[in-house]
Structure formats: C-alpha cells, structure tokens
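Every heavy atom of this structure was used, including side-chain atoms; hydrogens, water molecules and symmetry mates were not. Just so it is clear, the structure is predicted and the values come from calculations on it, not from any experiment. Quick note: residue numbers are just sequence positions, from 1.
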Amino acid sequence: VVLDYWRNATVVSNQNNYTIMVSKSAYTSVSRSVNITNNRFEAFIINFGSCGILDEENRVYSLPKSVNSSGTCFTITANNITIDGNGFSINHSKLNNGDGIFILRYNGTTIKNLIIREESSVFSSDGVQVTLSYNTTIVNNTIIVNRDLSDGISLDRSINTKIISNNITVFGPLGYGSNAIKLSSANFNTITNNTFYSLRTIGTDNHVVEFRSSSNNNILANNRIAISSAKSYGITLLSYSDYNTFINNAITTSGSSGYGIYFGISSSFNSLYNNTIMTSGDSSHGLYFQKASRYISSIIDKTNVYTNGSF
C-alpha cells in the first residue's frame with residue numbers, strides 16, 4: 001500500500017511517482033501504469049499459461065494461450081477470482097475424468113471469454129462445476145461436452161449464480177446422462193441469453209436443462225434450447241423444484257416422444273411467460289405434467305406450443 005499526498009484546503013493531490021514490481025514463480029511477467037488521482041483499489045492482472053490451483057483472492061487471472069490438462073484444469077481456492085480466457089481454450093480431462101473449472105465453497109468467481117472443451121475418453125467430466133458457492137458469474141463462454149454423464153455447467157447447492165451469453169453444445173457417444181445445465185438443490189440463480197444444444201443422434205432420456213433435488217426460485221430467460229434425439233427433454237423439473245420462472249425461451253425438440261418442458265412429480269408453483277415450444281417428432285409433448293406435479297398451481301401465460309403429439 002502506498003499513501004502519499006498533500007492537502008491544501010479542499011484539494012487532495014498525489015505528490016510522487018512510484019514503480020511497483022510484483023512477481024511470482026511460474027507466472028508470466030506483466031506491467032501496467034496506473035494514474036491514481038484518488039483513493040482506489042487496483043486489481044493486478046496475473047498472466048498464467050498452465051492449468052493449476054488459483055489461490056490469490058481479488059485477482060484477475062488472464063489466459064495468454066490455450067492450455068491442456070489430463071484431468072481438472074483449474075481449481076478455485078480463494079474468493080473474488082476472475083478468469084479471463086481472452087478467447088483461448090481449456091482442453092480438460094484428456095486422460096482422466098475431471099472438470100474444466102472446479103469451485104467448492106468459494107464465492108464471487110467470474111469466468112469469462114473461454115472455450116472449455118472436454119477431451120476425455122472417460123465419463124463424468126463437467127465444463128464448470130460450482131458446489132456450495134455464492135455469487136458466481138459465468139459469461140460469454142463456449143463449452144463443449146463430448147462424453148456421457150458430463151454437464152456443461154453443474155450447479156450443486158449453489159446460490160445467486162449468473163449464467164449469461166454462453167454457448168453450450170452436448171455430444172456423447174452412448175447418448176445418455178449429460179446436460180448443458182444441471183441444477184441440484186440450487187436456488188436463486190439466473191440463466192439468461194444463452195444457447196444450449198444437445199446434438200446426440202442416439203440414446204434416449206437426454207435433457208438439455210435439468211432441475212433436480214428441490215432447485216427453487218431460479219429464472220431462465222431469453223435462452224435458445226434445442227435437442228434432437230428420441231425421448232428427449234428441453235427442460236426437466238424433478239423432485240420438488242418449485243417457484244421457478246421461464247420467460248421468452250425458445251425450446252425445440254425434433255426426436256420422437258420429445259418433451260418441451262417436463263414437470264415431474266411434486267414440482268409446482270412454476271411460471272411460464274412468452275415462451276415458444278416446438279416439438280416436431282412423433283408422439284411428442286409441448287408441456288407435460290405428471291399426475292402428482294400439482295400443475296394447477298403453475299402459471300402459464302402467452303406461451304405458444306406447437307407439437308405433433310399433445311399439449
């Protein structure tokens with residue numbers, strides 16, 4: 001901390017110029033000039049060129065090149081960290097299962113401008129895994145899921161996550177168990193202006209966005225959601241997932257027996273406004289409510305449904 005000023009009546013001015021050198025082994029050197037005209041906090045940007053643990057609070061980590069990892073690439077172990085990918089790629093899980101970015105019990109993380117690609121020959125490797133964390137922001141990323149039982153973004157018991165303007169594509173050779181977005185006991189999260197595709201051509205029971213285990217009070221708005229395999233689901237709500245709001249989403253399923261939005265047992269008090277749902281496959285459903293889903297308590301307003309099956 002540098003404190004150097006003079007005061008004359010109501011005027012406060014800085015008196016001297018300083019050069020501050022900061023270095024840490026294994027990180028690329030970076031320099032910047034800052035004109036300090038008032039009291040302010042200046043976050044230093046750290047250029048990093050390999051996967052590892054990010055452990056410095058209130059730091060911006062800037063990726064200068066694409067990086068590869070045999071398992072998990074980046075593990076967050078401090079609060080208020082920003083990862084700026086600058087359009088470069090994280091190629092994770094090349095040999096073992098692991099996540100592109102893993103966050104457990106740390107808050108205020110921002111992940112932006114990355115391409116996150118799953119390379120694994122094994123299962124269960126998420127693009128971004130957020131567990132027991134608050135106030136995470138995931139913005140302007142491209143996430144590619146190539147294996148089964150993997151998710152683009154997984155929110156587990158996390159609150160107030162903002163997922164904005166991302167493009168997530170899900171593949172998978174066996175065609176089961178992967179989602180673009182999965183929420184498990186995750187509440188008060190906002191998912192807006194994203195594009196989610198599931199491009200599997202085989203397998204059944206595939207979900208693009210899945211709510212499970214009492215995921216409540218979340219907002220999905222202005223998203224484009226599409227899936228092509230048979231018996232597939234654009235959005236699924238399971239296990240007492242209540243009080244969620246869906247606004248201005250475009251949902252398309254093209255395989256047979258598809259479901260635009262599926263309300264499972266005991267998911268209630270959800271609201272739909274101005275959505276467009278198209279299910280073109282045989283025996284498909286635009287909106288489907290299981291008998292015990294208490295659908296009477298849900299609000300459906302100005303939602304257009306086009307289907308070859310039933311409403």
Using side-chain hydrogen bond (donor to acceptor under 3.5 Å, both in side chains) as the criterion, list what pairs up with S62, not counting sequence neighbours. N86
Could you go through residues 100-116 and list every donor-acceptor pair under 3.5 Å that involves a side-chain atom there, pairing it with any protein atom two or more places apart or in another chain?
residue: N107; atom: OD1; partner: Y134; partner atom: N; Å: 2.8
residue: N113; atom: OD1; partner: N140; partner atom: ND2; Å: 2.7
residue: N113; atom: ND2; partner: D84; partner atom: OD1; Å: 3.0

Test: ring-ring contact (aromatic ring centres under 6.0 Å, His included). Region: residues 65-89. Which pairs qualify, not counting sequence neighbours? F48-F74
Side chain to side chain donor-acceptor pair (under 3.5 Å) contacts touching residues 183-193 (sequence neighbours left out): T161-N189, N189-N218
Would you list the pairs meeting salt bridge (charged side-chain N to carboxylate O under 4.0 Å, His left out) in which at least one residue belongs to residues 246-273, sequence neighbours left out? none
R212: partners by salt bridge (Lys or Arg N to Asp or Glu O under 4.0 Å), with sequence neighbours left out: E210
Which of these, N249, N248, N275, T195, sits in a side-chain hydrogen bond (donor to acceptor under 3.5 Å, both in side chains) with N223? N249
For the student: nearest non-hydrogen atoms of I81 and L54, plus distance: CD1-O, 3.3 Å
Please state whether the rings of H207 and Y233 are parallel, tilted or perpendicular, taking 30° and 60° as the class boundaries. parallel
Do S125 and H92 have side-chain heavy atoms sitting under 4.5 Å apart? yes
Parallel, tilted or perpendicular: rings of F211 and F246 (30°, 60°): perpendicular
Going by the angle between their ring planes, with limits at 30° and 60°, are Y288 and Y259 parallel, tilted or perpendicular? perpendicular
